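Please read the structure below before turning to the comments.
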Amino acid sequence: MAKPVVAIVGRPNVGKSTLFNKLIGERLSIVDDTPGVTRDRIYGECEWRNRKFSIVDTGGIEPASGDVILSQMRMQAQLAIDAADVIVLVADIRTGVVATDSDIAAMLLKSGRPVVLCVNKCDMIGEPPAEFYEFYNLGLGDPVAVSSVHGHGTGDLLDRIVEYFPADEEDEIDSEIIKVAIIGKPNVGKSSLVNKISGEERCIVSDIAGTTRDAIDTTIENQHGRFTLIDTAGLRKKSKVDDSIEKYSVIRAQMAIERADVCVIMIDASVGFTDQDSKVAGLAHEAGKGCVIVVNKWDIIEKDDRTMIEYRRKLEDDFSFMSYAPMVFISAKTGQRLDRLFDLIKHAANSNSMRIATGMLNDVLAQAVARVQPPTDKGRRLKIFYMTQATVKPPTFVCFVNSAQLFHFSYQRYLENRIRETFGLEGTPIRFIVRERGDK
């Protein structure tokens, strides 16, 4: 089931980032008294009343932008509205209701999305001050008094947010649909691929890089199953992202990765591997998604019987950090090898959500330890007592050991390879959590 998304919006300097950090329990977002410190979208994970969800901290105003403040706020809030299941509008008790608060509230009301009004900086315990009640004028129902610095009221706020989440069962029908984000640099043929698969001109295709500004969803059903294809705007180097619309395209592509089960990382065969391809792939890898590397425009490459073997070997070196990702050479124009692509997408989705019984896992562990002894240091040998799977998407294994320091990366990689071979976990990253005996 897809995790609900909660967006924190509001004008600059009302304490959005402080609230975000308090809710996720770590300092992930930069907090400063200068308006506009948060520029990019920042994601965090939160759990409340046994419901896990993503929180998005939205940026304030770009000081370098010549745009009018209100239009900047509108773009920010609109972006949050598009992706969120619940929106938290943060206001500041010290300044009271200002015109920008009213404008954003009016826009949120029109969206039809559930909105929770959070009145921040209510730092005194007890009854809220008289100024609190003027926030009812925004027309968003009962406000929640919160102190994001001290944490007062955050429980009430989370209670209110969780009330708006869809019931757990509602998404079961969707669980059969594999969500596929097609990501890559601009102009590698992402929209052409979506159009070829869906059999219609679903996306505007042009040789001008950056034609796709938004993440567009196309749901298709074929002999391989049901898929939702998310065509994302191309991700380009941050230094080249100065146009504000372009900037939001990057953010939306990151959001598309967050929503996807599998990321298809697309490369232009005529250009070859670049640093930007590595960065795009890194986003999918870090997010723990199933991954397939697709080399597009293979039809225009002059080749002999060695070309694909050599190209593949070169890409395996370039993508050494995600050696688990299978590779396929296609042409979005002619439809070459699209059946193979769907097979790989399905396999990556299955691997990413595979759950392995603890007994089977420990049998593999015992065989692996018997074949290659764990490392020693100063006469002390690593002992792995047992291993269990904690979660899926991606498969995450907890290893209970006598010493975390002795569990070297090389031995971890060896165990990862044994698990992959035994259970066929191709196309997904694997995570290890190391616990010493006695750790909570």
Side-chain angles (χ1 to χ4, degrees), residues 1-29 31 38 41-60 73 76-93 97 101 104-123 125 128 132-133 135-172 174 251 254-255 258-259:
M1 176 177 167
K3 279 185 286 196
V5 177
V6 176
I8 299 175
V9 300
R11 57 194 174 80
N13 231 22
V14 290
K16 296 186 295 297
S17 296
T18 311
L19 177 65
F20 172 82
N21 288 341
K22 182 61 80 177
L23 294 180
I24 65 165
E26 57 180 303
R27 266 184 76 94
L28 188 62
S29 204
V31 177
T38 306
R41 282 277 174 303
I42 297 168
Y43 282 89
E45 299 297 314
C46 191
E47 186 173 356
W48 189 253
R49 287 180 13 195
N50 295 323
R51 294 299 300 270
K52 289 186 175 169
F53 54 97
S54 299
I55 298 190
V56 192
D57 180 21
T58 66
M73 280 313 307
Q76 278 283 357
Q78 195 61 55
L79 190 56
I81 290 163
D82 293 344
D85 295 290
V86 181
I87 299 157
V88 177
L89 173 58
V90 183
D92 183 346
I93 189 85
V97 177
D101 293 330
I104 298 169
M107 188 175 20
L108 296 180
L109 280 167
K110 282 182 200 160
S111 75
R113 298 286 167 99
V115 182
V116 178
L117 176 57
C118 165
V119 180
N120 194 20
K121 306 186 187 177
C122 296
D123 296 338
I125 298 174
F132 176 77
Y133 297 97
F135 288 92
Y136 278 92
N137 294 331
L138 292 176
L140 296 172
D142 294 331
V144 183
V146 168
S147 167
S148 55
V149 173
H150 303 298
H152 311 324
T154 49
D156 295 338
L157 178 66
L158 287 165
D159 281 343
R160 186 79 71 78
I161 290 168
V162 171
E163 279 171 16
Y164 287 114
F165 289 166
D168 278 337
E169 298 78 40
E170 279 185 25
D171 241 18
E172 276 182 12
D174 286 352
I251 293 161
Q254 289 169 327
M255 288 170 130
E258 184 70 25
R259 285 169 50 216

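Positions are given from 1 along the sequence. Only a predicted model underlies this, so the values are computations on that prediction, with no experimental measurement involved.
Across all non-hydrogen atoms, the minimal contact from K121 to N13 is NZ-O, 3.2 Å. Closest heavy-atom contact between A105 and L140: CB-CD1, 3.9 Å. When all heavy atoms of R51 and P4 are compared, the closest pair comes out as NH2-CG, 4.0 Å. When every heavy atom of S147 is checked against every heavy atom of C122, the shortest pair comes out as CB-O, 3.5 Å.
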Open item on the list: For I161 and V88: C-alpha separation, side-chain torsions, deciding distance, then whether side-chain contact (heavy atoms from CB on, under 4.5 Å) applies.
Closed with: CA-CA 8 Å; I161 290 168; V88 177; 3.6 Å; yes
Run the side-chain contact (heavy atoms from CB on, under 4.5 Å) check on L19 and C118 step by step: do they pass? CA-CA 10 Å; L19 177 65; C118 165; 4.0 Å; yes
Practice task
Take L158 and C46, measure what side-chain contact (heavy atoms from CB on, under 4.5 Å) needs, and give me the verdict at the end.
Solution key: CA-CA 10 Å; L158 287 165; C46 191; 4.2 Å; yes
Practice prompt. Assess whether side-chain contact (heavy atoms from CB on, under 4.5 Å) is satisfied between V90 and V146, documenting all intermediate values.
Written response: CA-CA 10 Å; V90 183; V146 168; over 6 Å; no
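A salt bridge between D85 and R113 is absent, with no side-chain N of the basic residue lying under 4.0 Å from a carboxylate O of the acidic one.
Judged purely by atom type and a 3.5 angstrom limit, N120 uses its side chain to pair as donor or acceptor with the backbone of V14. In this structure a side-chain-to-backbone donor-acceptor pair under 3.5 Å is present from K16 to R11.
Once rounded to the nearest 0.5 Å, the distance linking CG of D101 with CG of L89 reads 6.5 Å. L138 contributes atom CG, which lies 6.0 Å from atom CG of L117 (distance to the nearest 0.5 angstrom). The CD1 atom of I87 sits 4.5 Å away from the OG atom of S111 when rounded to the nearest 0.5 Å.
Between F20 and S148 there is no side-chain heavy-atom pair separated by less than 4.5 Å. For the pair D142/R160, a side-chain contact is recorded, criterion being any heavy-atom separation below 4.5 Å from C-beta on. Residues L108 and V9 have side chains in contact (heavy-atom distance under 4.5 Å, counting atoms from C-beta outward). In this structure, the side chains of D159 and R49 come closer than 4.5 Å at one or more pairs of heavy atoms.
The aromatic rings of F135 and F132 are tilted relative to each other, their planes meeting at an angle between 30° and 60°.
A ring-ring contact (aromatic ring centres under 6.0 Å, His included) with F53 is found for exactly one of F165, Y164, W48, namely F165.
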